[in-house]
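For clarity, every value in this text was computed on a predicted model and none was experimentally measured. In each ligand, atom 1 is the first atom listed, and ligand 1 is the first ligand listed.
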Amino acid sequence: MSEIKSIGILTSGGDAPGMNAAIRAVTRTAIFNGLKVYGIYRGYQGLIEDHIEEFKTQNVSNIISRGGTILKTARSMEFKTPEGRALAYENMKKHEIDALVVIGGDGSMTGASYLAKEFDVPIVGLPGTIDNDLAGTDVTIGYDTAMNTIMDCVDKIRDTATSHARLFFIEVMGRDAGFLALNGAIATGCEDVIIPEEKTQYEQLKELVANGFRKSKSSAMVIVTESKDPNGGAMGLAKKMKEEFPDYDVRCSILGHLQRGGSPTAADRILASRTGYAAIEALLQGQRNVMIGVHNDHIVNVPFAKAIKDDKPIDQELLNVLRVLSI
Ligand code: F6P
């Protein structure tokens, strides 16, 4: 095994609050251990296009509290091709970058595992996505901040929903995962949730509405995960419900990209700092092709294959918590 003298760091895919705290942690832990650090801009695309700059400790000053990513990000189509990955590897060699730290979601970890396999590059990943959909880690960087943003927005929607006695459908992000929706609904006392992991929810929802939001309520709020919801997301559901229950005043609100912004919460800053530090420790100890996660408050090394392929199940009990507490 060759000794690692320099590392490259990049952020890829959708940005997430806490990515900057992770960049800071990785950079400073690497420099502390005598490694050279290269910041790679715009994710894998920047690696292909040689958008690379040496980072000193000052490059990451005053960024722990900032949302987004100072390294910028991209979803690189070119990197999905063997030719693109070969160009990326050429630039690693050109700058004598021995190893990579990749911060991102499942697409980013997939890209990392290809590069690692094809060119025998040591790579360690950090789970950076608001979706919380990477297996092997209890949480991902950005999830807690997005959850708090959702809570803030839904609390505000409740004020107007209550005042007008309305039925509200609120769409949140999460792609194919219902973590943001389900826990967001619990945190805001919503009446119901529609998530990709559960199939029979529409009938249940109709029953809930037919029973006058379970007996005593004049307004109700339902959080819906975006993407493949067969009912057409929050907008589609609102329309369907209006057709079925013309007496109800139905509205819909799509939270969109505001969920990805903002200053990271304490939980995300600490998670990013711990996992960023652990990423360099792992590389120095000869670990490769793993994503650093946290399980039961302990740092864990999750093989890329597991982090990407395994489904991360939602806790069914949480659905009961939501439904019992919203009677
Ligand atoms: O993966 C993070 C995420 O915000 C998903 O929740 C969402 O489906 C997607 O990215 C949106 O991506 P884009 O910003 O490219 O529209």
Check the surroundings of atom [atom1] in [X]: do more than 12 heavy atoms from other residues, nucleotides or ligands lie under 6.0 Å from it?
{"X": "Tyr277", "atom1": "OH", "answer": "no"}
{"X": "Asn320", "atom1": "CG", "answer": "yes"}
{"X": "Tyr114", "atom1": "OH", "answer": "no"}
{"X": "Glu243", "atom1": "CD", "answer": "yes"}

Pull out every atom of ligand 1 sitting under 4.0 Å from any heavy atom of His257, numbered as shown with elements. 13 (P), 14 (O), 16 (O)

Below 3.5 Å, N or O to N or O, backbone or side chain included: is there any such pair between Gly174 and ligand 1? yes

Quick one: look up the protein heavy atom nearest [atom] and list residue, atom name and how far away it is.
{"atom": "atom 7 (C) of ligand 1", "value": "Glu226 OE2, 3.3 Å"}
{"atom": "atom 11 (C) of ligand 1", "value": "Arg260 NH1, 3.5 Å"}
{"atom": "atom 1 (O) of ligand 1", "value": "Asp131 OD2, 2.7 Å"}

Does the residue Arg75 have a heavy-atom contact with ligand 1, meaning some pair of atoms that are separated by less than 4.0 Å? yes

Ion pair check, Lys312 and Asp133, cut-off under 4.0 Å: no

Ring-face cation contact, Phe169 with Lys240, 6.0 Å cut, 45° max: no

With a heavy-atom distance limit of 4.0 Å, tell me whether Gln259 approaches ligand 1 through its side chain, its backbone, both, or neither. neither

